[in-house]
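Step one of this worksheet: look at the structure below.
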Amino acid sequence: MPNQLVPAEELQNRVSLFLKDYFLTDFHKDRDSFYALTHEDFLKFPLTVCGVTLNLFMDGELDKADRIIESLPDEGHFPFIKIGLKLVHPKITWEEFINLLHYLKENKISLQQVSLTAGRPTLLNGVNDFTRIGPLLKTHKDLFIEDLRCLYNSTVCPAIYNLCLAEYYYQLNNLIESEVLVSRTIKEFDKESEHRLLFAALYLQAKIQLAYGKTVSPNSYIKNIQNHIKENGQAEFSYNIEAAEVLSGLYEGDLKLINKWLKNDAPDEFADFNMIDVYRYMVKMRCYIIQKKYTAVIALAERLRPLLEAGKRHIDLCEVDLLLAICFYRSRNKDFAFDAFERSLKIAKRREYFRLIADEGDAVLHILVDYIKEKGESEFLMNLLEMTRSMAIMHPLYLKAELKNDTNLTQREIEILKLLEQGKPREEIAEIFFISENTVNFHLKNIYSKMEVNSVTQAIWNARTLGIL
């Protein structure tokens, strides 16, 4: 039985509470009611047009949203509503965004109910992909802070600048500078009760700790966020906090946590696709990879791609192709893996998303090594290799598939693995068993196939995990 539609006047009252007691997830819950509104309802209750347009953004119906925005009259509250909607439009260009901020500043207009972060864990990559401004941050600090005053409380604008700069430094692998800046922002956002920004800062802090090789316990990390955000603001972030907890669990190999999330809380991309769930979809793709559900990874990636391209979300496109590369590589389709990897590398090099690649650790390391062997070395690739190798060593359980001790290795295969573990070369192993090196390689090929790995190192690691060695 369909839910009863909410009257237009009540919808207007709800929208007026946006960012206080009513969030983007609530907009989506009221979607049917907003979509039932007429043009006459818009004229009588102007704020309701925000609910309709934001839902169209979330559903990926950008052309329909454009038609509604352009149909609004240039009188009353509508000019300000149009500016606010254009600011968060997924297709807005950087030039258009800057021009709108300058217009607001010159006319001394404040639109502090515009949510650029949309509940996402990162600030630079909020509703729109603002990672492109990274290189401009250092040279346009005062201008950036001044423009932000149109959208945020003036007191926290310098801290927002520091957080954006910290995220940019993080991608460049300047971890010390990033850590210093993000620590300062956490105190400021907590003091001013800026929950959206605090979530972004705490999330970045956790990523920095992982990059240093520290263990980020999902429980303590999530508790830290919840303690800071407390009850006020909790509703806006609960869905992303759970996904952030799972992502931390992926680094610790917490399969119990992952399976629980997939069963109870993960977004269902087939039931109610929603663009504010992009971060959660990315986490879910990683869970699919662990479960070896490669077809599901490809399907979700290709559903996201056209919407991310329309919104010029370069960092998300880079991540999607990176996860696709892992998926294809693990399913032993090297050509497709390299195609996806090249697309990801192209964006990463141009936009300086170095940590985005490196943070995938062991899952990307083997692709990167094979890619360099085939395509050749470069300074960019070798720097990525160093960062990725470091993450692989520090977090060996990341994206490891759930292992089952049903590999059925023969006694000879186990003996060969034990000798390889001791560092014996293949030539010496062949002499020990009075067999040819080709026969040793044949046994190794069978081991790789049974254990679904691509290298001796992976085979030894899995065998240790399963108690075979």
Side-chain angles (χ1 to χ4, degrees), residues 11 15 18-19 22-28 30-31 34-35 37 39 42 46-74 76-107 109-120 122-134 136 144 147-148 150-152 160 164 196 200 236 273-279 281 303-317 351:
L11 288 174
V15 175
F18 185 45
L19 299 186
Y22 194 66
F23 308 104
L24 284 172
T25 48
D26 298 312
F27 274 98
H28 213 241
D30 288 335
R31 179 176 53 179
F34 281 115
Y35 283 168
L37 295 174
H39 189 69
F42 295 162
L47 286 180
T48 58
V49 75
C50 298
V52 177
T53 312
L54 289 172
N55 270 298
L56 289 171
F57 289 166
M58 288 185 274
D59 288 340
E61 299 284 352
L62 303 185
D63 292 336
K64 287 184 181 179
D66 288 339
R67 290 195 290 271
I68 288 178
I69 293 173
E70 295 307 318
S71 72
L72 297 177
D74 292 320
H77 295 289
F78 288 110
F80 306 110
I81 292 173
K82 286 173 94 168
I83 291 174
L85 292 174
K86 286 181 177 181
L87 280 170
V88 298
H89 196 300
K91 290 199 298 186
I92 190 173
T93 66
W94 180 236
E95 291 73 22
E96 290 169 338
F97 182 78
I98 290 295
N99 288 336
L100 285 174
L101 286 185
H102 285 332
Y103 174 84
L104 293 175
K105 186 169 63 174
E106 289 172 5
N107 290 275
I109 300 169
S110 175
L111 291 178
Q112 292 188 14
Q113 281 189 306
V114 173
S115 176
L116 294 179
T117 51
R120 289 174 61 78
T122 53
L123 178 67
L124 268 168
N125 190 25
V127 176
N128 300 286
D129 180 5
F130 296 114
T131 51
R132 69 193 96 166
I133 70 172
L136 301 174
F144 186 72
D147 284 345
L148 282 173
C150 301
L151 303 175
Y152 293 93
I160 296 174
C164 286
R196 288 175 291 150
E236 186 178 5
F273 192 80
N274 185 349
M275 281 302 289
I276 66 168
D277 280 335
V278 168
Y279 173 72
Y281 292 141
R303 183 161 190 185
L304 284 169
R305 186 183 302 281
L307 298 171
L308 297 175
E309 288 174 344
K312 302 180 181 67
R313 298 187 67 96
H314 306 292
I315 196 165
D316 288 329
L317 286 167
R351 305 274 172 183

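Only a predicted model underlies this, so the values are computations on that prediction, with no experimental measurement involved. Throughout, numbering of the chain's residues begins at 1 and tracks the sequence.
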side-chain contact (heavy atoms from CB on, under 4.5 Å) between I315 and L124: does it pass, once the steps are laid out? CA-CA 10 Å; I315 196 165; L124 268 168; over 6 Å; no
State, yes or no, whether a side-chain contact exists between L54 and V88 at a heavy-atom distance under 4.5 Å. yes
Within a radius of less than 6.0 Å around NZ of K82, do more than 12 heavy atoms belonging to other residues, nucleotides or ligands occur? yes
Would you compute the distance between atom CZ of F57 and atom CD1 of I276 and round it to the nearest 0.5 angstrom? 13.5 Å
Looking only at non-hydrogen atoms, find the nearest pair between I160 and Y152 and report the distance. CD1-CG, 3.4 Å
In chain order, what residues pass the side-chain hydrogen bond (donor to acceptor under 3.5 Å, both in side chains) check against S71, with sequence neighbours excluded? none
Could you point out which residue of L304, V278, L307 forms a side chain to side chain contact (heavy atoms under 4.5 Å, CB included) with D316? V278
Mind listing the closest non-hydrogen atom pair of A200 and L123 along with its distance? CB-N, 3.9 Å
For Y35, is the OH atom crowded, meaning more than 12 foreign heavy atoms sit under 6.0 Å from it? yes
Nearest atoms (heavy-atom pairs only) where K86 meets I69: CE-CG2, 4.1 Å
According to the interplanar angle, ranging from 0 to 90°, do the rings of Y22 and F27 count as parallel (below 30°), tilted (30 to 60°) or perpendicular (above 60°)? tilted
Run the side-chain contact (heavy atoms from CB on, under 4.5 Å) check on N128 and W94 step by step: do they pass? CA-CA 10 Å; N128 300 286; W94 180 236; over 6 Å; no
Between CG on residue N125 and OH on residue Y279, distance to nearest 0.5 Å: 12.0 Å
Check: N55 side chain, V52 main-chain N or O, donor-acceptor pair, under 3.5 Å: no
To the nearest 0.5 Å, how far apart are CG in D59 and CE in M275? 10.5 Å
How close do L104 and C150 get, heavy atom to heavy atom, and via which atoms? CB-SG, 3.8 Å
What residue pairs, at least two apart or across chains, pass salt bridge (Lys or Arg N to Asp or Glu O under 4.0 Å) with a residue in residues 122-133? none
Test applied, side chain to side chain contact (heavy atoms under 4.5 Å, CB included); reference residue, F42; option that passes from L37, L47, I81: L37
So, for L85 and C50, which heavy atoms are closest and what is the spacing to 0.1 Å? CD2-CA, 4.1 Å
Roughly how far, to the nearest 0.5 Å, is the CG atom of L101 from the CG atom of L151? 5.5 Å
Can you tell me if H102 has over 12 outside heavy atoms packed within less than 6.0 Å of its NE2? yes
Drop me the distance from L308's CG to R303's CZ, to the nearest 0.5 angstrom. 12.5 Å
For T48 and F34, the nearest pair of non-hydrogen atoms, with its separation, is O-CD2, 3.7 Å
Roughly how far, to the nearest 0.5 Å, is CG of L56 from CG of L62? 8.5 Å
Identify, with sequence neighbours excluded, every residue that meets side-chain hydrogen bond (donor to acceptor under 3.5 Å, both in side chains) alongside D66. H89, K91
